[in-house]
Amino acid sequence: MEISLKDQVAIITGSSSGIGAGIAQSMAEAGATVVINYPSENSLDKANTVLKEITDKGGKGIVYQCDVSQEDEVIKMFHEVVKQLGTVDILVNNAGIQKDAKFTEMTLDQWNAVIGVNLTGQFLCAREAIKEFLRRGINSSRSLACGKIIHISSVHEIIPWSGHANYASSKGAIRMLMQTLAQEYGADKIRVNSICPGAIQTNINKDAWQTPQELDSLLTLIPYNRIGQPQDIGNLAVFLASDVSDYITGASIFIDGGMTTFESFYTGG
Ligand code: BGC
């Protein structure tokens, strides 16, 4: 079976840069019309650059500004996308931020900001996506499923992360959100899965790879001995959104070069 997302509409939140941009590019190459969501005016140029790279290669898409932590903005985004593009077939809940702090110094603002984007944002977008999937029903000329949701989680869905309690908590909660939705909407043929990336080379973690020393130290956590690239995640996202993975739902798929084998136990334990 060919891996194709032809004629499907995919909203990828937070896709003006990083992992989201990689997913948007891969999905557009697979034939989807992509909605490149960006959070604020500051990211408009970056969103347009991602769109240009896509259209230069013959792909299709639009850019759309929306802060996913804001209910009214999310509702409006889905409404506008359906008006312009007809429906939504795929949601990639990718937008995510870090506001790191030692726990006793973590402010409520830092906590709320991370939970707001990483968890509440995924809730709001998933809710609006599922409403649209159910309204439309299955269109078998495009996909066997009624709709597909991919949550972008993290290895920190299961690996505790000192100094990042807000981030790790948001990712742990995404697992239960994802599995609950997969259970609740399985009979409606809506597939819901999570991708759990390890260290992918983007701006969010540049402190972990920007000098050779930092990169060496990061690689001690990765048996496969290379940092990941957004394209690695893009490939998996296309697979999970396509009919090739039609029997996969309720799964967290780790894509981390082996980080979750806990390499620090190679000689210890
Ligand atoms: C974080 C990165 C980190 C990686 C592995 C990701 O979820 O956003 O900052 O490098 O996990 O620890």
Side-chain angles (χ1 to χ4, degrees), residues 12-24 37-39 43 46 68-69 92-103 105-106 110-123 125 150-178 193-237 240 251-266:
I12 301 113
T13 66
S15 52
S16 51
S17 66
I19 290 177
I23 294 172
N37 158 251
Y38 61 101
S43 327
K46 288 198 274 174
V68 295
S69 68
V92 184
N93 254 335
N94 167 76
I97 57 171
Q98 284 182 220
K99 301 260 180 214
D100 308 329
K102 195 172 161 45
F103 187 64
E105 280 144 34
M106 187 172 283
Q110 287 172 318
W111 175 270
N112 283 340
V114 170
I115 298 297
V117 174
N118 297 15
L119 183 58
T120 308
Q122 296 213 5
F123 151 66
C125 291
I150 299 171
H151 296 276
I152 303 301
S153 179
S154 165
V155 290
H156 299 296
E157 174 172 306
I158 57 161
I159 303 180
W161 204 16
S162 169
H164 308 75
N166 46 3
Y167 184 85
S169 301
S170 73
K171 297 300 183 179
I174 285 170
R175 183 186 188 92
M176 277 297 119
L177 174 63
M178 176 277 289
N193 293 290
S194 288
I195 292 179
C196 303
I200 309 301
Q201 191 165 23
T202 68
N203 246 340
I204 205 171
N205 60 357
K206 66 174 185 304
D207 290 350
W209 53 261
Q210 62 189 351
T211 68
Q213 292 79 0
E214 283 156 353
L215 183 60
D216 275 352
S217 155
L218 178 66
L219 292 180
T220 64
L221 302 174
I222 307 173
Y224 204 59
N225 221 26
R226 75 165 170 87
I227 191 166
Q229 297 301 325
Q231 178 80 60
D232 292 312
I233 308 301
N235 292 341
L236 177 55
L240 274 181
S252 285
I253 301 187
F254 289 82
I255 171 162
D256 61 0
M259 195 176 239
T260 36
T261 67
F262 299 96
E263 195 177 10
S264 53
F265 276 80
Y266 187 76

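Remember, it's 1-based here, ligands and their atoms both numbered in the order they're listed. As the structure is a computational prediction, the values presented were derived from the model and not from experiment.
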How would you list, by chain and number, the residues with a heavy atom under 4.0 angstrom from ligand 1?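 Close residues (ligand 1, cut-off 4.0 Å): Q98, S154, H156, W161, Y167, G198, A199, I204, N205, M259.
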
Using a 4.5 Å cut-off on heavy atoms from C-beta on, say whether the side chain of M106 contacts that of V114.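 Result no, sub-4.5 Å side-chain heavy-atom pair not found.
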
Side-chain touch D256/I222, heavy atoms, less than 4.5 angstrom: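 In short, these two side chains do not touch, never coming nearer than 4.5 Å.
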
Just jot down the side-chain contact (heavy atoms from CB on, under 4.5 Å) partners of T211, sequence neighbours excluded, or say none.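 With sequence neighbours excluded, T211 shows a side-chain contact (heavy atoms from CB on, under 4.5 Å) to Q213, E214, given in chain and number order.
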
Closest heavy-atom contact between S194 and I174?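 Closest pair (atom of S194, atom of I174, distance): OG-CG2, 4.0 Å.
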
Going by side-chain hydrogen bond (donor to acceptor under 3.5 Å, both in side chains), name the residues that satisfy it together with S17, two or more places apart in sequence or in a different chain.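 S17: no side-chain hydrogen bond (donor to acceptor under 3.5 Å, both in side chains) contacts found.
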
Using the salt bridge (charged side-chain N to carboxylate O under 4.0 Å, His left out) rule, collect all pairs that involve residues 13-24, keeping only residues at least two apart or in two chains.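 Pairs touching residues 13-24 that pass the test: none.
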
